[in-house]
Each structure stands twice: as structure tokens, then as C-alpha cells.
Participant: 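I'd like to ask you about the structure that follows.
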2 protein chains.
Amino acid sequence: MAIQRRPLREQIREELLLRLDRGDFAAGKDLNEVALATELGVSRTPLREALITLAGEGILESNQGRGFRFAPVSGKEFGDLCEIVAGLEALAVELTAPDDLLALAPDLLRLAQGFPDRIAAQQEIEIHDDEWHDLLLSKCPNERLLDLLTSVKAGMRRYTHLIAGEDALLEREAEEHCRIAEHLAAGDIPAATAALRDNWVDGMERMTSRIPGAGADGG
Amino acid sequence: MAIQRRPLREQIREELLLRLDRGDFAAGKDLNEVALATELGVSRTPLREALITLAGEGILESNQGRGFRFAPVSGKEFGDLCEIVAGLEALAVELTAPDDLLALAPDLLRLAQGFPDRIAAQQEIEIHDDEWHDLLLSKCPNERLLDLLTSVKAGMRRYTHLIAGEDALLEREAEEHCRIAEHLAAGDIPAATAALRDNWVDGMERMTSRIPGAGADGG
DNA sequence: TTCCTGTATTTTGTATTCAGAATTCATAAT
DNA sequence: ATTATGAATTCTGAATACAAAATACAGGAA
């Protein structure tokens with residue numbers, strides 16, 4: 001048995017992200033530290049440490065004297081995040097050895113084609129999507145870049161919930177993944193990164209229409 | 001008088017970054033929380049909050065039961081960071097309105113040409129360099145991207161100290177800035193971003209030779 | 001002498017306490 | 001009726017207290 005000793009703040013952070021994924025938190029509403037700490041069975045200290053970490057990642061925002069809250073969704077911010085992730089993922093692909101990309105291509109194609117049934121649960125679809133992107137990046141040697149991507153993507157999750165469950169959009173996503181994989185299989189990395197950027201830009205456009213207060217500051 | 005009420009953790013974070021810039025901390029050595037807190041005149045609580053924030057930014061690393069330490073320099077990590085900043089800055093330029101870049105070009109050129117005297121203090125030169133890059137990015141509308149850049153750059157500062165004070169290298173830096181500004185003045189944004197990437201790649205190469213344990217993991 | 005082991009000390013990680021700010025609610029004045 | 005004012009309450013931000021882990025050190029055995 002592998003005994004793991006990890007700081008509470010990390011475990012709490014993960015639990016909070018999980019709950020955010022489940023949509024447990026109302027965006028824009030200040031969250032109560034004592035209530036949350038009690039619920040989690042920890043004291044306020046490690047909870048606050050986790051909250052501060054999440055604030056540093058841009059997932060929460062903090063206001064002096066008023067505590068923390070999950071940042072309200074905003075079309076502008078989602079667009080900003082998409083641009084960033086698009087740029088970073090493209091960079092990660094460019095930094096990956098061409099041979100590795102070539103080796104990865106078949107698996108990526110298979111994964112994209114085996115997109116889960118449209119009936120499948122939202123969560124499952126999102127996990128599948130994440131898996132595809134993780135596989136794509138798996139051979140990138142720049143560890144800091146991968147960390148950064150993970151962090152930025154965590155801040156996007158609450159947006160991707162809004163899109164899930166739309167058949168046409170999912171089909172389009174799978175199709176785009178296939179195209180990217182095909183470019184990689186053909187050894188055409190510039191085309192692949194361009195398609196990858198398009199994938200995120202498309203995602204942004206798909207989303208902005210259904211974000212309350214899209215384009216504007218949101219609130 | 002503008003009354004400022006900011007959380008201690010933020011002020012402490014800035015102070016720690018300042019001290020890091022001054023080279024007060026021995027990299028790789030665990031830092032003592034009680035001693036540091038006493039020195040700063042605060043309790044351990046907000047200090048630890050600042051440390052956790054810095055750890056989230058990759059500037060510190062934390063080990064269970066052993067506290068925090070400034071991550072030891074490593075050629076590999078510096079290279080990773082350069083690639084990231086190069087990619088992000090190039091992205092920021094691409095996202096800036098061409099008109100804004102055109103308007104910015106003369107100021108950028110002037111600033112690059114007026115590079116401080118080689119006799120000037122290290123710190124002054126670094127500030128000047130930062131100013132140039134800040135001006136370059138000043139019209140980028142993607143706020144999250146700018147935040148991210150600030151954070152990543154903060155983690156690089158302890159590396160840039162190692163290079164300062166080398167005449168030839170500084171001259172080269174100024175020269176590259178001029179070239180980028182000229183591309184922008186000519187409205188050739190792709191050439192400018194390419195030169196910008198080169199600027200960072202060059203910076204990486206300039207540095208790796210003088211980082212202890214360059215290329216390898218550094219330790 | 002060197003290496004191991006057990007104890008003392010130091011230092012971190014977490015809980016609790018305290019002080020002050022923000023919010024809420026009630027009351028009074030316009 | 002509405003708005004302003006002030007007290008009471010709630011909650012955050014920071015300090016202190018406590019427990020457990022890590023380190024340092026001393027003593028003993030090989």
C-alpha cells in the first residue's frame with residue numbers, strides 16, 4: 001500500500017474543482033468559508049490556502065473584506081482564455097518532436113473517431129475531449145508549459161459546461177479532432193497547429209452565443 | 001491621501017519578489033517561516049499565504065513537511081520558460097490591433113535606441129528592458145494573457161540576473177528591440193513576431209551557457 | 001572510528017482565537 | 001412611504017496555539 005501524505009490544501013483544491021465541475025457553486029456569489037470548511041471537515045486555514053491558490057489561477061476572485069467567489073462568467077473572458085489555450089496548445093505541438101507526433105497520430109485518430117455516443121453523459125464527453133487533448137500534448141518536453149495549460153484549462157471548465165449536450169457542436173468537435181490527427185499522420189505540423197487553433201476559435205464562437213451577456217463583460 | 005487597504009499577503013508577495021530580485025535568497029535553500037515573518041513584522045499566516053501564491057506561480061516549490069524554497073535554477077527550466085514567454089508575447093502582439101502597433105512603433109524604437117549606458121546599474125537595465133516589453137504589450141486587449149505573462153516573467157527574473165552586466169549581450173538585446181520596432185513601423189507584424197521569438201530564443205542561448213548545470217536539470 | 005538508534009529540538013501543517021470590516025436589520029426622521 | 005442612521009450580527013483577515021513530522025544530536029554498539 002502506497003501511503004500518501006499530501007497537504008490538505010491540495011486535496012481541498014481538487015475537491016473544489018470537482019464541485020465546480022458538478023456545478024455546485026453559483027458563480028458570482030460569495031462563498032462562506034466557515035460553512036464550506038465545516039462541510040469539508042477541515043479548518044478554515046487549509047481551506048483558505050486552497051482558495052488563495054485557486055484565486056491565483058484565475059478561477060476565483062477575491063475582494064478585500066468580502067472573501068472569495070467564483071468569477072462570474074463573461075464572454076470576453078472566455079474568449080481571452082480560448083485565445084490563450086489555442087496559442088499554448090499550438091506551441092506545445094510545435095515543441096514536440098515530429099517523430100513523437102507521427103507516432104501519436106493513429107491513437108489520436110482512433111480516439112477522435114470513437115467519440116462517445118451522443119446519449120452519453122455530459123461529463124463523460126468532456127472527459128473524452130480532455131483525454132484527446134492530453135494525448136496530443138503527452139510528448140511535449142516543456143513541463144512548465146503543460147502545467148500552465150492544465151491551470152488555464154481548469155479555469156475554462158465552468159464555461160464548457162454551458163455547451164455540452166448539443167449534438168451538432170459535438171459532432172463538429174469530433175470532426176475537427178480527426179482532421180488535426182490526419183494532418184499529424186501526414187507529417188504536416190503547420191497544418192495541424194493551424195487546425196488546432198481553429199478548433200479553439202470555433203469552440204469560442206460556439207460558446208459565446210450561449211453565454212449570458214456574451215461579448216460584453218458578462219456579469 | 002489615498003488610503004490603501006490591501007491584503008497583507010499581496011504586500012508580502014511583492015516584498016518577497018523584490019528581495020528575490022535583490023538576490024537576498026539562496027536558491028535551493030529552505031526558508032524559515034518564523035524568521036521571515038518576524039523580519040517582515042507579520043505573522044506566519046499571511047506570509048504562508050504569500051508563499052503558497054508564489055508556489056502556484058512556479059517561483060517557489062513546496063515539499064510536504066519541509067516547507068518552501070526558491071526553486072533551484074536549471075537550464076532546462078529556463079529554456080522552458082523562454083519558450084513560453086516567446087509564445088505568449090508573440091500571441092499578444094498578434095492579438096493587438098495593427099493600428100495600435102503602428103502607433104506604438106516610434107516609441108518602441110526610441111526606447112530601444114535609448115538603451116541605458118553600460119555603466120548603469122544592473123537593476124536599471126533590467127527595468128528598462130521590462131519597460132520596453134510592457135510598452136509593446138500595452139495595447140493587447142487580452143487581459144488574462146497579460147496577467148499570465150506577468151506571472152511567468154516573475155518566475156524568470158532570478159535567471160535574468162545571471163546575464164546582466166555583459167556588454168556584448170546587452171548591445172545585442174537593444175539591437176534586436178530596434179529591429180522588432182522597425183518591423184512594426186513597417187506594418188510587417190509576422191516579421192515582428194518572428195523577431196520577437198528570436199529575441200527570446202537568443203536570450204535563452206545567451207543564458208544557458210552561464211547557468212550552473214546548464215542543459216541538464218541544474219540542481 | 002563509524003554507523004546505527006533513540007531522543008531532543010526545530011519547523012512545518014493545521015486548528016483555534018481574536019479583531020475589525022462589511023452586511024443586515026431595526027428604528028427614527030423627513 | 002421612503003430614506004437615513006445606528007446597533008447587532010456575520011464574516012473575513014490576521015495572530016496565536018497546538019500537534020505532528022522532520023531534522024539534529026548524543027550515546028552506544030560493532
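Lettering follows sequence order; numbering is per chain, from 1. Please read all numbers here as calculations on a predicted model, not as lab measurements.
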Participant: Which of the following nucleotides, D/dA22, C/dA15, D/dA14, is nearest to the side chain of B/Arg66?
Facilitator: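 Within the option list, the nearest is D/dA22.
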Participant: When you get a sec, tell me which of C/dT11, D/dT12, C/dG13 is the closest nucleotide to the side chain of A/Asn32?
Facilitator: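 For the A/Asn32 side chain, the nearest candidate turns out to be D/dT12.
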Participant: Do B/Arg157 and B/Lys153 have side chains that get closer than 4.5 Å, going by heavy atoms?
Facilitator: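 No, side chains not in contact.
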Participant: Quick one: B/Gln64 CD to C/dT14 P, roughly how many Å, whole number?
Facilitator: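 Atom-to-atom, B/Gln64 to C/dT14, this comes out as 6 Å.
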Participant: Taking atom P of D/dT12 as reference, at what distance in whole Å does atom NZ of A/Lys29 sit?
Facilitator: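 After rounding, the reported distance stands at 11 Å.
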Participant: Could you say whether A/Asp30 or B/Leu31 is positioned toward the 5' end of DNA chain C, judged by the nucleotide with the nearest heavy atom to each?
Facilitator: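 Going by which nucleotide is closer to the 5' end, it is B/Leu31.
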Participant: Could you check how far CD of B/Gln11 sits from C1' of D/dA14, rounded to whole Å?
Facilitator: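 The answer, rounded to whole Å, is 13 Å.
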Participant: Please determine, for the side chain of B/Pro46, which listed nucleotide (D/dA14, D/dG13, C/dA22) has the closest atom?
Facilitator: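 Comparing D/dA14, D/dG13, C/dA22 against the side chain of B/Pro46, the answer is D/dA14.
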Participant: Contact class for A/Leu36 (heavy atom, under 4.0 Å): base, sugar-phosphate, or nothing?
Facilitator: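 Result for A/Leu36 = nothing.
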Participant: Regarding C/dG13, can its base be found pairing with the side chain of B/Arg44 as donor and acceptor, where the two atoms are less than 3.5 Å apart?
Facilitator: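 Under the 3.5 Å cut-off, the side chain and the base do form a donor-acceptor pair.
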Participant: Name the closest nucleotide to the A/Leu8 side chain, picking from D/dG13, C/dT14, C/dA21.
Facilitator: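 So the side chain of A/Leu8 is nearest to C/dT14.
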Participant: Nearest whole angstrom, please: distance from the C1' of C/dA21 to the CG of A/Asn63.
Facilitator: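 Atom CG in A/Asn63 sits about 14 Å away from atom C1' in C/dA21.
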Participant: Which listed nucleotide (D/dA21, C/dT14, C/dA15) is nearest to the side chain of A/Glu49?
Facilitator: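 So the nucleotide nearest the side chain must be C/dT14.
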Participant: Roughly how many Å is it from CZ in B/Phe68 to C1' in C/dG13, rounded to a whole number?
Facilitator: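 Rounded to whole Å, this separation is 10 Å.
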Participant: To the nearest 0.5 Å, what is the distance between CD (B/Glu131) and CG (B/Leu136)?
Facilitator: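 Taking CD in B/Glu131 and CG in B/Leu136, the distance rounds to 13.5 Å.
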Participant: For A/Gly155 and A/Ile59, which heavy atoms make the closest approach, and how far apart are they?
Facilitator: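 Closest pair (atom of A/Gly155, atom of A/Ile59, distance): CA-CG1, 3.6 Å.
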Participant: Within a strict 4.5 Å, meaning less than it, do heavy atoms of the B/Leu60 and B/Arg69 side chains meet?
Facilitator: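 No - every pair of side-chain heavy atoms lies 4.5 Å or more apart.
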Participant: Please state how far atom CZ in B/Arg48 lies from atom C1' in C/dT11, giving the value in whole angstrom units.
Facilitator: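 These atoms are roughly 10 Å apart.
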Participant: Can you find a donor-acceptor N/O pair under 3.5 angstrom joining the side chain of B/Ser43 to the base of D/dA14?
Facilitator: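 Between D/dA14 and B/Ser43, which were checked side chain against base, a qualifying N/O pair under 3.5 Å is absent.
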